[in-house]
Amino acid sequence: MSVRVRFGPSPTGELHMGSVRTALFDWLFARHHGGEFLVRIEDTDQTRSVAGAEERILEGLRWMGLDWDEGPDIGGPHGPYRQSERLPLYEVAAERLLASGRAYRCACPPERVKQVREEAQRRKRPPGYDARCRDLAPADLANEIAAQDGRSVVRFRSPREGATVVPDALRGDVVFENRLLDDHVLLKEDGFPTYHLASVVDDHAMEISHVFRGDEWLSSAPRHLLLYEALGYEPPVFIHQPVILGPDKGKLSKRHGATSVSAYAEQGYLPEALINFLALLGWSKDDRTTKMSVAEIIEAFDIDRMGVTPVTFDQTRLDAMNADFLRELGPEEFFRRAAPFLERALPEDVARPLDLTPLLPLAPLIQERVKRLAEFAEYVDFFFLPGPLDYPNAELMGKGFRDNPAGALTAVEGAIAALKAVEPWTAEAIEAALRGLADRLALRAGVVFTPLRVAVTGKRIAPPLFETLAVLGRARAVERLNVAAERLARPDD
RNA sequence: GGCGCAUUCGUCUAGCGGCCCAGGACACCGCCCUCUCAAGGCGGAGAUCGGGGGUUCGAAUCCCCCAUGCGCUACCA
C-alpha cells in the first residue's frame, strides 16, 4: 500500500506548535516511506474561518521546510484541496447515507438540542441529542421541517447496540460502546459538512493511508469508523498522537509564551532545530540520540518508535538545541541568517543597508554565545551605533574598581596610550599591549579590562575584548576610551 | 456524571520478564579553563519505575483494582 498522509489545518489563525508537530510527523512519515504528503484546508466552519490564515499556515509550513506534494496552492490529482470547495462531494455522501437509511434528516433547531443536552446533564444522564427525529414518519418530518422554514440537518443513525473497535496504531484496539454514541450531525444547516463527514469523505477520495491527528480525536474515532463502514470505504490507519502540554501540565497556550511557528521564526530559531526538538516530542530514535539532521530523522522515523505519553513543551531544551544548531553554521551562513534580525533590532538612525563583512572575524565568537539569532544584535550593536554610547558610569568601574573612578581612569588612560602604539592593529598585538598594561598596573587582567569593555561596547557582557577592538578600529576605539576617561574624570556621579 | 487515553529522574526519553539496586540528553550543582559572557573538559546530585494487590523462580516490563492528570461528551475542529 502506498503511503499518503494529509495535514488538515483549519484556517482560524496562526500555525500552532501542536498542529505543526502533527504536520511534521505526517511529513516525516511520508518522506521516510517515499509516499505523498498533502495539505488540505479544513474550512468547514464558516464562522471560524479567518481571512489570511490559510496563507499564514502555509507560510509556516514552508518556513519549516515541510514541502507538500498536493495542496490548495499547487493543486493535484485529488483537488480541490479546500473543503469549502468540495461541498458537492459531501452532499452526495449524505444523500447516499440518507438513501440507505444510515442517516436521517432532523428538524430540531439548535436551541432545542441545547436544551435537551443541558437537561440531560442536570439529570446526570449521558448528554447528546435525544434522537427525536430519528424515527419520525416521513410526513411528520416534512411538517417539522416546514415549520422550521425548511431548515434541517442530516444526522448519522448511530447503532444502539454492539461496540466499535478503533484500531489505533499506537495503543492497539480501543473499544467503544455504540449505545454511548449519539446521532451526531453530518451536514449542517448551512449545507457545510462537519469534520466527521468531511474528513471521512476526503480521506477516502484522496486515498489517504494513514491519519496522524491529536488524541483529542480518539473519542470521536468510532464515529469515523462507523462512517467508513456505512459508506463502504476502507478506513485508513489511525495514529492518535499524545497532546503537547505547557510547563504547568495544562494545555499549551499563550500563557506559556510563544505558541505559533511564526513567533519562533521571529525570535531566531532555526527550522532544523525546531524540527529536531518537535520530532523528539513523542518519538525517539534510540536510547541516546538527541541531535539529528532532518535527513537523519527522515531516515530513522517510523510509527513503532512513537510514544503515547502526553509531552511537556520545554522551552529550555529547545533553546539548547537551537544554540547547538547555530554553532554548526559556517560564519558566513550564520551572518546571512542573522542579518535580518540586526536590521530589525538596530535603531532608525543607523545607516542601511548594513555591511557585516568587517564583523566576520567576530562571527565564531558570537555564534557560540547566542541561543537565538535575535540575540545577535546585542553583541554587535556597538559596531553600528553612532555617537557616544549610552551606559551608566558605574559600569565603567565594575567590581574591580568599585567606587574608585580614579583607578578605572588609570586603566582607561593607560589603555589609550598603549593602543596608540599597537602595531599592527591585530587582536594578538592588542592583547599583548593590554596584558602588558595590566602587568604594569599590577592588577588582574579582568579588573583592567572591564572598564575598557564597557567603554568600547557600552555593556558589561560582550564578545572577547581584543577581537572587538581589532574589528572596531583604532580610531573609534580610542575615541570611545576618551569619552570614558572624561566621564571618569568628572567628579559628579 | 459517562466514556476514553495516559502515568519511568524537574523535562524529553531508553526499557517491550532476568543484561536495570533503571541508561542517555536538557536543566541543575561543583571544579578546571578564563578578559566579561559563553563554549569546552571533569565530576556530582536526581526516578524504590503514581499507589495497592496479584501472576512468576524472577516484573518498570503481564493481569486486576484504586488514585491522579488530560481529552471527548457542539449544527468547532
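Numbered from 1 within each chain, the chains take letters A, B, ... in sequence-line order.
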message: Using a 4.0 Å heavy-atom cut-off, does A:Val153 contact any base of the nucleic acid, only the sugar-phosphate backbone, or nothing at all?
response: base
- request: Pick base, sugar-phosphate or nothing for A:Gly282, based on heavy-atom distances below 4.0 Å to the nucleic acid.
  value: sugar-phosphate
message: Within residues 315-325 of chain A, which residues have any heavy atom lying less than 4.0 Å from an atom of RNA chain B?
response: A:Thr316, A:Arg317, A:Ala320
- request: Please confirm whether any donor atom in the side chain of A:Arg369 sits under 3.5 Å from an acceptor in the base of B:C37, or the reverse.
  value: yes
query: Is it true that A:Phe301 and A:Phe25 have ring centroids separated by less than 6.0 Å?
result: yes
Distance-only donor-acceptor test, A:Thr290 side-chain atoms vs B:G24 base atoms, 3.5 Å: no
query: Where the side chain of A:Ser10 is concerned, which of B:A77, B:G71, B:C35 is the nearest nucleotide?
result: B:A77
message: At 4.0 Å (heavy atoms only), tell me whether A:Thr44 reaches a base, stays on the sugar-phosphate, or touches nothing.
response: sugar-phosphate
field: Nearest-Å distance once atom C1' is located in both B:A22 and B:C5
entry: 26 Å
field: Sugar-phosphate, base or nothing in reach of A:Arg305, heavy atoms under 4.0 Å
entry: sugar-phosphate
- prompt: How would you label the contact of A:Pro109 with the nucleic acid (heavy atoms, under 4.0 Å): base, sugar-phosphate, or nothing?
  reply: base
- prompt: Across the strands shown, which category fits A:Phe277 at heavy-atom distances under 4.0 angstrom: base, sugar-phosphate, nothing?
  reply: nothing
message: At less than 3.5 Å, do the side-chain atoms of A:Arg223 and the base atoms of B:U73 form a donor-acceptor pair?
response: no
- prompt: Base, sugar-phosphate, or nothing: which does A:Ala462 touch, judged by heavy atoms less than 4.0 Å apart?
  reply: base
message: Pair A:Asp182, A:Arg223 - check salt bridge (Lys or Arg N to Asp or Glu O under 4.0 Å), show working.
response: CA-CA 9 Å; A:Asp182 77 337; A:Arg223 294 175 166 186; 2.9 Å; yes
Show me the protein contacts with nucleotides 19-23 of chain B, counting only N or O atoms at under 3.5 Å.
residue : atom : partner  : partner atom : Å
B:G23   : O2'  : A:Arg288 : NH2          : 3.1
B:G23   : N2   : A:Asp287 : O            : 2.9

message: Considering every strand and a 4.0 Å limit on heavy-atom distances, what is the contact class for A:Pro110: base, sugar-phosphate, or nothing?
response: base
- prompt: Contact class for A:Glu189 vs. all strands (heavy atom < 4.0 Å): base, sugar-phosphate, or nothing?
  reply: base
- request: For B:A6, give its Watson-Crick or G-U wobble partner with both distances under 3.5 Å, or none.
  value: B:U68
query: How is A:Pro463 classified with respect to the nucleic acid when contacts are heavy atoms under 4.0 Å: base, sugar-phosphate, or nothing?
result: base
query: Of the nucleotides B:G10, B:G4, B:C37, which has the atom closest to the A:Asp314 side chain?
result: B:G10
- prompt: How far does the P atom of B:C19 sit from the matching atom of B:C62, given to the nearest Å?
  reply: 16 Å
message: Considering every strand and a 4.0 Å limit on heavy-atom distances, what is the contact class for A:Thr450: base, sugar-phosphate, or nothing?
response: nothing
